[in-house]
2 protein chains.
Amino acid sequence: MAFRRNGAALAAERPSAPALPLDTILIGDCIAELEKLPPASVDLVFADPPYNLQLQGDLRRPDQSLVDAVDDAWDQFESFAAYDAFTRAWLLQVRRVLKPTGTLWVIGSYHNIFRVGSALQDLGYWILNDVVWRKTNPMPNFRGRRFTNAHETLIWAARGADAKGYTFNYEALKAGNEDLQPRSDWLIPICSGGERLKGDDGRKAHPTQKPEALLARVLLAASKPGDVVLDPFFGSGTTGAVAKRLGRRFVGVERDRDYAAAAQARIDAVAPDSAAAIAQAPAKREAPRVAFATVVERGLIQAGSRLTDARRRHEAVVRADGTLALGSVVGSIHRIGAVAQGAEACNGWTFWHMETAAGLAPIDALREIVRAGDAA
Amino acid sequence: MAFRRNGAALAAERPSAPALPLDTILIGDCIAELEKLPPASVDLVFADPPYNLQLQGDLRRPDQSLVDAVDDAWDQFESFAAYDAFTRAWLLQVRRVLKPTGTLWVIGSYHNIFRVGSALQDLGYWILNDVVWRKTNPMPNFRGRRFTNAHETLIWAARGADAKGYTFNYEALKAGNEDLQPRSDWLIPICSGGERLKGDDGRKAHPTQKPEALLARVLLAASKPGDVVLDPFFGSGTTGAVAKRLGRRFVGVERDRDYAAAAQARIDAVAPDSAAAIAQAPAKREAPRVAFATVVERGLIQAGSRLTDARRRHEAVVRADGTLALGSVVGSIHRIGAVAQGAEACNGWTFWHMETAAGLAPIDALREIVRAGDAA
DNA sequence: ATAGCCTCTGAATCTGCTT
DNA sequence: TAAGCAGATTCAGAGGCTA
């Protein structure tokens, strides 16, 4: 074509500045594919890079069943240095591709998120928030040697400290959050059930598929309808599916053809929301479950206090860790209540009472105080 | 003093191995003071280091020169480098001072926690968890351009990947949490009201005083009564106050004499909890070992008795030497339990049951009888 | 039809003592 | 130092099967 040779007139067609392939999955190495994209062309990036999990042996549940670990080759790196080099490379390309007003989201766990966060800062990105995805249903810690790993971390960053004009739909988020300011901690279930992509064998198609609710929160917070969202680690295509549903454009990069095919089929099946519907998904009310340890921790009852039942037949001592001691037996308020009565089970909140000026009162009253305070 | 010269006889008095100054605030530069402490002498470290270059005006390079305020990317990198060097220096000293079974907690925000986490990993620490402190009452985001910063991050790390035997009071934490295993997200109010230290002018004595509930959770989770807790950035002394209350020993390092004085006064006013309130809760894994042979020896079960599992699917015979026979296979209660189920491993004490008047009962009950008898 | 029970599974750096 | 083995360890949610 004649005008092709007169390249200067049509910058978008020059090899050095090709058009952005919209609503497309690019199959290939993330960094190589990013290099082909035009600079300053993307409004939002969501990246779910390899976590560099360093798993030792097998892990079994208490029932001896084997945990299906993420041991894929793409998650293996020689060293922290190798992981850091990889991280810098893709972050650098992402920064080139981002519009001046664009922002980046990265998700990770403690295995990799500190590397990613440091690299971000070193490259000049400006962190706007770290956001915690709290899982309602995380995998438990089967050996009881650590805290249940119940969250992952997202970093939200602008191209630089001087970046202005990035999108943050504050009013909409606030309206969708019972008129409270959107917070940096989000409660969202993991991806399971019908949402989880399955292969022909009925097994999960991708080991680390993210929930659509998480991506929806990100896109609704930090992009506008019609914006271009880039996902350099496209995987099962959650970003693309949610982008299509919410009226955003997407560009995905994925190395694995099987993942890319599964993602494409998934996205093809997505029906975009109506323009009117692309509003806020109201935040889920959080379950106000209260632990007795919290009651003690907050000083509502003193460690060393004595509790009794309504008829003063039993007496137990409150311990600093929120357990009760009945003689030499230590356990939860419920367990110790059961032991005291010789019963199978017991609701400790209503069984145990404390002395007050007005007589005995169930410790449930303390729980109400915690709930009232946390709600305010 | 004569015996001082004969240093070899009293290693604890040699300069190279001074005694640990317990329940003391050391006034001076954190790194210099840590260097004076004996190696492998501390059970737990809680560190609340200066958060960041942008907000703290007093960040200094290792040579004590002041880091200038930052605007351009290079200076920013410069100051990150200075912060990283400072971080590595104190982390290195902390690692030296930690016992092999000791663990470290560090708290930070997105301004510094990624630097700290990376440095930790680079120095060989092994991250056990990252923990999110969710604030019930965070400072609102006034400009509405970001998410309300409603959390801070703690990193819990062991000295290395091979570090075993660190303290984690799993059972007590679980009992204090409605019998659910403790998670990596903690909901705790910020420090305010009467707990907040005030100066003579009625203003807050320290800008980043941490809530005692947070420290209590850390100490109750990862230390035992009598353990030594080191805080290299002592500040308002929350670590010391909580350590004293919970029956732990503390060592604090603080550069600012005013902070140290306020902390000392605060700690002096703390009344320790009663012994009953803080006594180490008995953990199953620390209960004395009992051999099944002992159970048989003491006549608690007869050789030749038949054991079965809870669903009566398998049957094994008790042998006089304390082994079990399943058909022609002979082995420990655990091994035979595993063989019966075709499993890798099995806890024979809970798997195997015996017939009693009240129905099937796990043979663990017999172990309890042995333990009770031995304790008496 | 439904309640209840059983099974399966999820980004996991998941033991510790003795020989 | 590495192997062997005692023995401690799980929560929410989805889906399937049975009474």
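Throughout, protein chains are lettered first and strands after them, A, B, ... in sequence-line order, and every chain is numbered starting at 1. The model shown is predicted, which means the values in this text are computed figures rather than measured ones.
Note on B:His334: a side-chain N or O is less than 4.0 Å away from OP1 or OP2 of D:dG7. Checking the phosphate oxygens (OP1, OP2) of C:dG16, a side-chain nitrogen or oxygen of A:Arg145 falls inside 4.0 Å. A close approach under 4.0 Å does occur between a side-chain nitrogen or oxygen of B:Ser332 and OP1 or OP2 of D:dA6.
Only B:Lys164, B:Gly165, listed by number, bring a heavy atom of residues 164-181 of chain B to less than 4.0 angstrom from any atom of DNA chain C. Residues of residues 286-293 of chain B having a heavy atom closer than 4.0 Å to DNA chain D, listed by number: B:Arg289, B:Val290.
Protein atom CZ of B:Arg285 is 14 Å distant from nucleotide atom P of C:dC14, rounded to whole Å. A straight line from CD of A:Gln64 to C1' of D:dT10 spans 13 Å, rounded to a whole angstrom. The NZ atom of B:Lys284 sits 17 Å away from the P atom of C:dG16 (whole-angstrom rounding). We find that CD of B:Glu344 is positioned 16 Å from C1' of D:dT9, with the value rounded to whole Å. One can place CG of B:Asp364 at 10 Å from P of D:dT9, the figure rounded to the nearest angstrom.
Rounded to whole Å, the P atom of C:dG10 lies 32 Å from the corresponding atom of D:dG7. Taking the C1' atoms as reference points, C:dA11 lies 31 Å from D:dA6, given to the whole Å. For the C1' atoms, the distance from C:dG16 to D:dT1 is 15 Å, rounded to whole Å. Atom name C1', nucleotides D:dG13 and C:dT13: the rounded distance is 26 Å, in whole Å. C:dA12 and D:dA8 are spaced 26 Å apart, taking the P atom of each and rounding to whole Å. Spacing between D:dT10 and C:dC8 at atom C1', rounded to whole Å, works out to 13 Å.
When only modelled atom types and interatomic distance are considered, A:Arg115 and B:Gln121 share a side-chain donor-acceptor pair under 3.5 Å. A donor and an acceptor atom, one from each side chain of A:His151 and B:Ser184, are located under 3.5 Å apart.
By the salt bridge (charged side-chain N to carboxylate O under 4.0 Å, His left out) test, B:Arg312 is found to be paired with B:Glu355, residues two or more places apart in sequence or in another chain being considered. Under the side chain to side chain contact (heavy atoms under 4.5 Å, CB included) criterion, A:Arg146 pairs with A:Tyr110, A:Asn141, B:Trp126, B:Leu128, B:Asn129, B:Tyr166, not counting sequence neighbours. A search for side-chain hydrogen bond (donor to acceptor under 3.5 Å, both in side chains) contacts involving B:Thr294 returns nothing, not counting sequence neighbours. Residues satisfying the side chain to side chain contact (heavy atoms under 4.5 Å, CB included) test with A:Val295, not counting sequence neighbours, are A:Val290, A:Phe292, A:Leu300, A:Ile301, A:Trp349, A:Leu366, A:Val370.
Remark: B:Arg95 is positioned above the aromatic ring of B:Tyr125, its terminal NZ or CZ atom under 6.0 angstrom from the ring centre and at most 45 degrees off the axis. Cation-pi check for B:Arg217 over B:Trp186 is met; the charged atom lies under 6.0 angstrom from the ring centroid and within 45 degrees of its normal.
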If you restrict it to nitrogen or oxygen atoms, what contacts under 3.5 Å exist between nucleotides 16-19 of chain D and the protein, and what is each distance?
none

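Residue B:Arg367 is classed as a sugar-phosphate contact, given heavy-atom separations below 4.0 Å to backbone atoms only. Residue A:Gly194 is classed as a sugar-phosphate contact, given heavy-atom separations below 4.0 Å to backbone atoms only.
Take the nearest nucleotide of DNA chain D for A:Gly193 and for A:Gly144: the residue whose nucleotide is more 5' is A:Gly144.
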Check residues 229-242 of chain A and write down every donor-acceptor pair under 3.5 Å in which the side-chain atom is one partner and the other belongs to a residue at least two apart or another chain.
unit_1: A:Asp231; atom_1: OD1; unit_2: A:Phe233; atom_2: N; d: 2.9
unit_1: A:Asp231; atom_1: OD2; unit_2: A:Thr239; atom_2: OG1; d: 2.6
unit_1: A:Thr238; atom_1: OG1; unit_2: A:Lys210; atom_2: O; d: 3.2
unit_1: A:Thr238; atom_1: OG1; unit_2: A:Arg266; atom_2: NH1; d: 3.0
unit_1: A:Thr238; atom_1: OG1; unit_2: A:Arg266; atom_2: NH2; d: 3.4

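B:Asp364 and B:Lys284 are not joined by a salt bridge, as no carboxylate oxygen comes within less than 4.0 angstrom of a charged side-chain nitrogen.
Residue pairs that meet the salt bridge (charged side-chain N to carboxylate O under 4.0 Å, His left out) test with at least one member in residues 172-185 of chain B, sequence neighbours left out, are A:Arg134-B:Asp185, B:Arg183-B:Asp185. Counting only residues at least two apart or in different chains, salt bridge (charged side-chain N to carboxylate O under 4.0 Å, His left out) contacts with residues 63-79 of chain A comprise A:Asp68-A:Lys204.
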Should B:Phe114 and B:Thr153 be marked as a side-chain contact (heavy atoms from CB on, under 4.5 Å) after you check the CA-CA gap, both sets of side-chain angles, and the distance that decides it? CA-CA 10 Å; B:Phe114 305 117; B:Thr153 300; over 6 Å; no

Going through the checks in order, is the ring-ring contact (aromatic ring centres under 6.0 Å, His included) test met by B:Trp156 and B:Phe168? CA-CA 11 Å; B:Trp156 182 35; B:Phe168 182 55; 5.4 Å; yes

B/S/- contact track for nucleotides 7-13 of chain C, protein heavy atom under 4.0 Å: S-BBBBB

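More than 12 heavy atoms of other shown residues, nucleotides or ligands fall within 6.0 angstrom of atom CZ in B:Arg319.
Taking 4.5 Å as the limit, every side-chain heavy atom of B:Asp130 sits out of range of all side-chain heavy atoms of B:Leu154.
Taking the ring centroids of A:Tyr51 and A:His111, they lie at or beyond the 6.0 Å cut-off.
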Any chance you could encode DNA chain C as dot-bracket? Rule is Watson-Crick or G-U wobble with both distances under 3.5 Å; [ ] for pairs crossing earlier ones, | for another strand. .|||||||||....|||||

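Glycosidic conformation of C:dT15 is anti; the angle lies outside 90° of 0.
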